[in-house]
Amino acid sequence: CVDCGMTATVIDCGHCQQPAEIAASAHGGQPVCETCELIRAASEPVSLVRPSTPFRLASMSRRPFLSLFGVILAVFWFGGVAWLYLRSAAERRLSAFADALEQAGGRLPTASLPKETAFDRLLRQAAGYQRGANRRAVTVVDLREARDVDALLPGLTSCPDLVCIKLGPHLADPGGLAVVRRLPRLTDVVIDASAADDAWFEQLAECRTLRRVAVRRGRVTDRALELLARLPDLAVLTIPDAAVGDGGLAKLNGSALQELDVRGSAATDGAIETLLRLPKLREVNLGRTAVTPEALDRLRRERRINVVR
């Protein structure tokens with residue numbers, strides 16, 4: 001550090017929260033990287049010099065004339081000294097700022113930005129993440145087209161505000177989904193992969209914050225429904241063309257489901273009793289199933305459930 005002589009270290013910037021090689025400061029403030037230090041130095045308000053002597057003279061004087069004279073003197077003192085000090089400080093800071101910009105070719109120095117890692121590149125492709133940005137801003141990660149999904153999943157713990165993950169066919173090891181239990185705000189999972197099987201759902205069932213799960217082209221079985229039913233806040237389940245029947249839907253008893261899409265499944269009229277026992281269910285899609293119109297009318301009549309067919 002040019003002030004205290006301490007050696008450089010790698011630490012999170014106190015302003016932009018990004019890791020950077022900085023000169024650690026021993027002067028009581030938060031450590032900052034070069035860019036933030038430059039901006040803060042150029043924009044920080046200047047402390048004014050207090051003209052305490054003339055005011056003390058005015059307050060100590062017992063004669064009104066001298067007291068008034070002291071006040072007038074204080075005003076002129078304050079105005080003159082403050083103006084000179086502000087002008088000098090502003091010129092120094094603007095000059096330093098201009099020199100730094102000139103050295104950087106007209107741009108703010110970027111040497112303190114972290115180097116883009118392999119994880120950063122994957123995250124940029126999946127979530128539009130930019131190098132040097134705050135990973136807390138990442139809320140949705142789309143991995144349906146990503147190739148190195150297994151390499152990306154462990155690093156998602158650095159995105160604590162992530163709320164939605166979209167998974168595709170390139171996940172080789174379902175065990176990598178164990179990361180979901182360490183994402184405190186994750187509520188939505190979309191799966192578009194024919195390889196999705198019970199091993200995937202065993203991991204997802206450990207994420208207690210999930211509220212919406214959609215599976216397309218996955219191998220959803222009765223066992224998968226049993227696992228998903230463990231999620232205490234699961235409100236929306238979309239599993240079109242799933243290979244489940246009345247027995248599998250019975251596994252959902254006691255769940256908090258509000259919307260259920262099982263179009264194209266093997267459901268029959270026997271599933272109606274299960275659906276009537278779901279206390280919060282308000283919409284169900286039974287298109288392309290063997291459920292009869294009479295059974296659908298029963299759902300509408302007894303529970304006023306919105307039936308889509």
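- Of the residues listed (Arg217, Arg216, Arg288), the one engaging Asp241 in a salt bridge (Lys or Arg N to Asp or Glu O under 4.0 Å) is Arg288, and it is the only one.
- Side-chain contact between Val215 and Val189: absent, with no pair of heavy atoms (C-beta onward) separated by less than 4.5 Å.
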Worked check of side-chain contact (heavy atoms from CB on, under 4.5 Å) between Arg185 and Leu162: CA-CA 6 Å; Arg185 292 179 174 82; Leu162 193 64; over 6 Å; no
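- The backbone N or O of Val291 sits less than 3.5 Å from a side-chain atom of Arg309, completing a donor-acceptor pair.
- Looking only at side-chain heavy atoms (C-beta outward), Pro232 and Arg208 come within less than 4.5 Å of each other.
- For the pair Asp246 (side chain) and Thr268 (backbone), a donor-acceptor distance under 3.5 Å is present.
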Verdict with supporting geometry, Glu283 and Val308, side-chain contact (heavy atoms from CB on, under 4.5 Å): CA-CA 8 Å; Glu283 180 174 307; Val308 181; 4.3 Å; yes
Test side-chain contact (heavy atoms from CB on, under 4.5 Å) applied to Leu278 and Val284, step by step: CA-CA 11 Å; Leu278 296 178; Val284 60; over 6 Å; no
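- Using a distance-only test at 3.5 Å, with no hydrogens or angles considered, a donor-acceptor pair links the side chain of Asp269 to the main chain of Thr292.
- When the side chain to side chain contact (heavy atoms under 4.5 Å, CB included) test is applied to Glu302, the partners found at least two apart in sequence or on another chain are Leu276, Arg298.
- Considering CG of Leu171 and CD of Gln203, their distance stands at 10.0 Å, rounded to 0.5 Å.
- The closest donor-acceptor contact from the side chain of Asp150 to the backbone of Ala172 lies under 3.5 Å.
- The number of heavy atoms from other shown groups lying within 6.0 Å of CZ (Arg301) is above 12.
- Contact record, Arg230 with Arg223: NH2-NH1, 3.6 Å, taken as the closest heavy-atom pair.
- Leu231 CG to Glu206 CD: the interatomic distance, rounded to the nearest 0.5 Å, is 9.0 Å.
- Nearest heavy atom pair, residue Gln258 against residue Leu281, reads O-CD1, 3.6 Å.
- Leu252 CG to Asp222 CG: the interatomic distance, rounded to the nearest 0.5 Å, is 10.0 Å.
- The closest side-chain donor-acceptor pair between Asp161 and Thr139, if any, does not fall under 3.5 angstrom.
- Residue Ser255 holds its OG atom at 9.5 Å from CG of Leu225, rounded to the nearest 0.5 Å.
- Applying the 6.0 Å contact sphere to CD of Glu145 captures no more than 12 heavy atoms from other residues, nucleotides or ligands.
- Here Leu153 contributes atom CG and Asp173 contributes atom CG; the two are 9.5 Å apart, rounded to the nearest 0.5 Å.
- Between Cys159 and Leu183, the shortest heavy-atom distance links the atoms O-CD2, 4.0 Å.
- Interatomic distance, Leu260 CG to Leu237 CG, rounded to the nearest 0.5 Å: 5.5 Å.
- Judged by distance alone, the side chain of Thr209 and the main-chain N or O of Leu186 form a donor-acceptor pair under 3.5 Å.
- Listed here is the closest heavy atom pair of Lys166 and Val140: CE-CG1, 4.4 Å.
- Under a hydrophobic clustering in which Ile, Leu, Val, Met, Phe, Trp and Tyr are joined whenever their side-chain heavy atoms come within less than 4.5 Å, directly or via other members, Trp200 and Val190 fall into different clusters.
- Taking the charged nitrogens against the carboxylate oxygens, Asp188 and Arg212 do have a contact shorter than 4.0 Å, which makes a salt bridge.
- Under the 4.5 Å side-chain heavy-atom criterion for ILVMFWY residues, no single connected hydrophobic cluster contains both Val262 and Val236.
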Full working for side chain to side chain donor-acceptor pair (under 3.5 Å) between Asp198 and Thr221: CA-CA 7 Å; Asp198 291 349; Thr221 63; 2.7 Å; yes
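- Considering all non-hydrogen atoms of both residues, Val220 and Phe201 come closest at CG2-CZ, 3.9 Å.
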Steps toward side-chain contact (heavy atoms from CB on, under 4.5 Å) verdict (Leu152, Leu143): CA-CA 9 Å; Leu152 178 59; Leu143 304 176; 2.9 Å; yes
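- Residues Glu259 and Arg282 come closest through the heavy atom pair OE2-NH2, 3.4 Å.
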